[in-house]
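A, B, ... follow the sequence lines: proteins, then strands. Residue 1 opens every chain.
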Amino acid sequence: MHSGRFPLADLAGGLDLAATLESGQSYLWRREDGDAYAGDVTTDRDLDDAPWYYAVPDGEVVRVRKTEDALVWESTEDAHDRLVRLLRLDDDLDAIFADAPALDLVDDARGAFPGLRLVRDPAFGCLISFICSTQMRVERIHEMVSSLARAYGDAVSFQGETYHAFPTPDQLAATTEGDLRDLGLGYRAPYVQRTAEMVAAGDAHPEDALGREYEAAREYLTRFVGVGDKVADCILLFSLGYLEAIPLDTWMQTVVADHYPDCERGNYTETSRALRERFGGEYAGYVQTYVFHHLRTAE
DNA sequence: TTAAGACCTGAAGT
DNA sequence: AACTTCAGGTCTT
């Protein structure tokens, strides 16, 4: 067993682990206690005793938990570098928001969730989980992703417990639409199966979007079945590190209508460009994530 | 190129 | 207790 810790003092801008992992940007991580993802967005402030979260990236089990003064981890291997990557621990939140535009909504959101970080999920799992996310509540998306892992992912033991990795492209490609419908995916079943088939066959891979200019990368991702502009933006932001990407969902459309009506351009691409500019360009996706969670928790 | 309709499912709201 | 609506949209026509 490997273990280690990241002193919180070393993480510029702090870390709200619960908000980061339970806010609906990542479906890689699970909370170990029974109340996991009851529906409300949690933050570290809501938790009397910090729970463990676990994930199984690349078949390695990783558990993380916050203590008074550190993020501690245990894993089947040395997970230090992996965690920096997955949880974007090297992002300097203070610097990012020092460059953010001076907007009331942004200031309020930062004040409400200091320490909220973006994640960098493995690309294939991110692709599939956001295909599953359409017209779904966050907690149900977690259930679907867990079901997929239990049904088709490799089992890995760690400290006497059995964990399941997210299925590989081959494992998902080998399923049928009927199998996935039985698992509760509904109309998303054929999207997931066919997209997995595309990746397994080597026809396309979400990481092939890397290196392209932002809008070209988004366009590339829409070749996957079940991936439109919004889901593509989620993959770019939550997996591929395009921090300027703003997933324009129903919540953000409400933000545009209520706060920045001049950004409404009648179509996704143009409205997205206008809002991206309003949110400061380079880190617009980071800003969006704060605003999104602030509004979602404001009831 | 733009615009309605359909689409699985279950929790939450009348 | 039934019935309608809605949920981080996408695909089809």
Side-chain angles (χ1 to χ4, degrees), chain A residues 19-29 35-42 109 113 116 118-119 121 125-148 175-198 204 206 218-239 242 245-258 264-272 275-276 279 284-299:
Chain A
T20 299
L21 298 183
E22 298 190 37
S23 49
Q25 49 167 329
S26 169
Y27 297 95
L28 173 71
W29 296 89
D35 309 323
Y37 311 121
D40 294 327
V41 175
T42 7
F113 287 99
L116 170 62
L118 278 172
V119 294
D121 272 12
C126 183
L127 168 66
I128 297 300
S129 52
F130 278 94
I131 287 174
C132 289
S133 77
T134 69
Q135 297 293 99
M136 268 299 148
R137 293 157 207 271
V138 169
E139 57 272 30
R140 282 245 285 151
I141 303 167
H142 275 288
E143 288 167 13
M144 285 192 286
V145 172
S146 293
S147 298
L148 287 173
T175 65
T176 67
E177 173 182 338
D179 292 337
L180 299 180
R181 281 183 183 270
D182 289 344
L183 222 51
L185 296 203
Y187 65 78
R188 305 157 194 78
Y191 299 167
V192 167
Q193 197 282 329
R194 290 174 59 195
T195 284
E197 215 161 47
M198 291 172 70
R218 186 174 69 195
E219 169 64 22
Y220 174 83
L221 291 174
T222 60
R223 73 186 51 207
F224 293 107
V225 186
V227 178
D229 287 333
K230 186 272 173 182
V231 167
D233 268 330
C234 288
I235 298 163
L236 291 175
L237 183 61
F238 304 139
S239 175
Y242 283 77
I246 298 182
L248 209 52
D249 60 10
T250 52
W251 288 87
M252 292 313 291
Q253 309 230 13
T254 302
V255 169
V256 170
D258 291 352
E264 180 52 64
R265 303 295 156 82
N267 66 73
Y268 192 101
T269 299
E270 297 300 329
T271 304
S272 170
L275 187 60
R276 188 158 62 253
F279 280 177
Y286 235 113
V287 173
Q288 177 272 351
T289 296
Y290 273 73
V291 169
F292 174 82
H293 295 304
H294 180 47
L295 263 59
R296 235 167 62 88
T297 53
E299 148 191 85

Just to be sure I understand the rule, does [X] reach a base, reach only the sugar-phosphate, or reach nothing, if contact means heavy atoms closer than 4.0 Å?
X	answer
Tyr268(A)	nothing
Gly24(A)	base
Gln288(A)	base
Phe292(A)	base

Item to check | Min side-chain heavy-atom separation Gln135(A)-Arg188(A) under 4.5 Å | outcome: yes
Checklist entry - Any side-chain heavy-atom pair from Phe279(A) and Val291(A) closer than 4.5 angstrom? => result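 In short, these two side chains touch, coming nearer than 4.5 Å.
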Work out how far the [atom1] atom of [N] is from that of [M], and round it to whole angstrom.
N	M	atom1	value
dG5(B)	dG8(C)	P	24 Å
dT13(C)	dC8(B)	P	14 Å
dT1(B)	dG9(C)	P	25 Å

Between [X] ([atom1]) and [N] ([atom2]), how many Å, whole number?
X	N	atom1	atom2	value
Gln193(A)	dC8(B)	CD	C1'	17 Å
Glu143(A)	dG10(B)	CD	P	10 Å
Arg181(A)	dG10(B)	CZ	C1'	16 Å
His142(A)	dG8(C)	NE2	P	11 Å
Gln135(A)	dC7(B)	CD	C1'	9 Å
Leu237(A)	dG8(C)	CG	P	17 Å
Asp229(A)	dG9(C)	CG	C1'	10 Å
Tyr191(A)	dC7(B)	OH	C1'	7 Å

Next on the checklist: Please evaluate residues Thr254(A) and Leu295(A) with respect to the criterion side chain to side chain contact (heavy atoms under 4.5 Å, CB included), reporting the C-alpha separation (whole Å), side-chain torsions for both, the decisive distance (0.1 Å), and the verdict.
Outcome noted: CA-CA 10 Å; Thr254(A) 302; Leu295(A) 263 59; 5.8 Å; no
Sidechain-backbone polar pair: [X] side chain, [Y] backbone, donor-acceptor under 3.5 Å:
X	Y	result
Tyr286(A)	Leu118(A)	yes
Ser239(A)	Asp121(A)	yes
Gln193(A)	Thr195(A)	no
Ser129(A)	Cys126(A)	yes

Checklist entry - Among the nucleotides dT10(C), dC7(B), dG8(C), which one has an atom lying closest to any side-chain atom of Tyr187(A)? => result dC7(B)
Checklist entry - Looking at the side chain of Arg140(A), which of dA7(C), dT10(C), dT9(B) is the nearest nucleotide? => result dT9(B)
Checklist outcome for this item: Base-pair string, DNA chain C, Watson-Crick plus G-U, cut-off 3.5 Å on both distances, | for inter-strand, is .||||||.|||||
Next on the checklist: So, under a plain 3.5 Å distance rule, would you say the side chain of Arg188(A) forms a donor-acceptor pair with the base of dC8(B)?
Outcome noted: yes
Checklist entry - Does the aromatic ring of Trp251(A) sit over the six-membered base ring of dG8(C), closer than 5.5 Å centre to centre and tilted less than 30°? => result no
Checklist entry - Would you say a side-chain N or O of Thr250(A) is under 4.0 Å from OP1 or OP2 of dG9(C)? => result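 The answer is yes; a side-chain N or O of Thr250(A) sits under 4.0 Å from OP1 or OP2.
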Checklist entry - Start at the 5' end of DNA chain C and walk down; is the nucleotide closest to Ile141(A) or to Thr222(A) reached first? => result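 Its nearest nucleotide lies further toward 5', so the answer is Ile141(A).
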Next on the checklist: Between Arg218(A) and Thr222(A), is there a side-chain donor-acceptor contact under 3.5 Å, judged purely by atom types and distance?
Outcome noted: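 Side-chain D/A pair, Thr222(A) to Arg218(A): absent.
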